[in-house]
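Take a look at the structure set out below.
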Amino acid sequence: MRYSYNYRWIDKMKDGLPKGVNYKQLKHIRLVGILLVVYVKESMVDRISDVYTGYVSTGIMGMLGNKGGVAVKFNIDMTSISVVNSHLAAHLENGRAKESGL
């Protein structure tokens, strides 16, 4: 059994996937409290290429990961797919930070 905080969440997410279909974890990325896990059907794995992850921290002083976003980008055949998870500053006065931060 894996004891890492990340892996407990990842295992819980996998448990929630539909039964009867085999999934493979393509990639995961975490930024403090933001976790993004991408699963694909095992039958699709050979069609996937160019897998990348990235993150932007926009928290205190633009460095802390309490705000920001994470992303996973990959290609299926000739189609590019990006999946993004973000937690941005609240309230209207923080709108410019949202626009320029990500």
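- For the atom pair OH of Y39 and CD1 of I10, the computed distance is 6.0 Å after rounding to the nearest 0.5 Å.
- In the hydrophobic cluster analysis, where Ile, Leu, Val, Met, Phe, Trp and Tyr join through side-chain heavy atoms closer than 4.5 angstrom, Y52 is grouped apart from V56.
- Distance CG/L17 to NZ/K41: 11.5 Å, rounded to 0.5 Å.
- A heavy-atom distance below 4.5 Å is not found between the side chains of S82 and F74.
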Run the side-chain contact (heavy atoms from CB on, under 4.5 Å) check on S57 and L31 step by step: do they pass?
-> CA-CA 8 Å; S57 298; L31 176 67; 3.5 Å; yes
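- Nearest heavy-atom pair, I34 versus S86, reported as atom, atom and distance to 0.1 Å: CD1-C, 4.4 Å.
- Here the CH2 atom belonging to W9 is positioned 14.5 Å from the NE2 atom belonging to H28, to the nearest 0.5 angstrom.
- Note that NE2 of H87 and OG1 of T58 are 9.0 Å apart. Values are rounded to the nearest 0.5 Å.
- In this structure, S80 and K73 have side chains that are in contact, with non-hydrogen atoms separated by less than 4.5 Å.
- When all heavy atoms of G54 and I29 are compared, the closest pair comes out as O-CD1, 3.3 Å.
- Residues V83 and L36 meet the side-chain proximity criterion, which asks for heavy atoms closer than 4.5 Å.
- Counting only heavy atoms from C-beta outward, the side chains of V37 and Q25 approach each other to under 4.5 Å.
- Under the 4.5 Å side-chain criterion, counting only non-hydrogen atoms from C-beta, Y23 is not in contact with E42.
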Going through the checks in order, is the side-chain contact (heavy atoms from CB on, under 4.5 Å) test met by N75 and I81?
-> CA-CA 6 Å; N75 293 335; I81 297 176; over 6 Å; no
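- Note that the OG1 atom of T79 and the CD1 atom of I48 stand 11.5 Å from one another [nearest 0.5 Å].
- Going from atom CZ of R47 over to atom CE of M78 covers 12.5 Å, rounded to the nearest 0.5 Å.
- Under the 4.5 Å side-chain criterion, counting only non-hydrogen atoms from C-beta, L35 is not in contact with N85.
- The side-chain heavy atoms of T53 and V70, taken from C-beta on, include no pair separated by under 4.5 Å.
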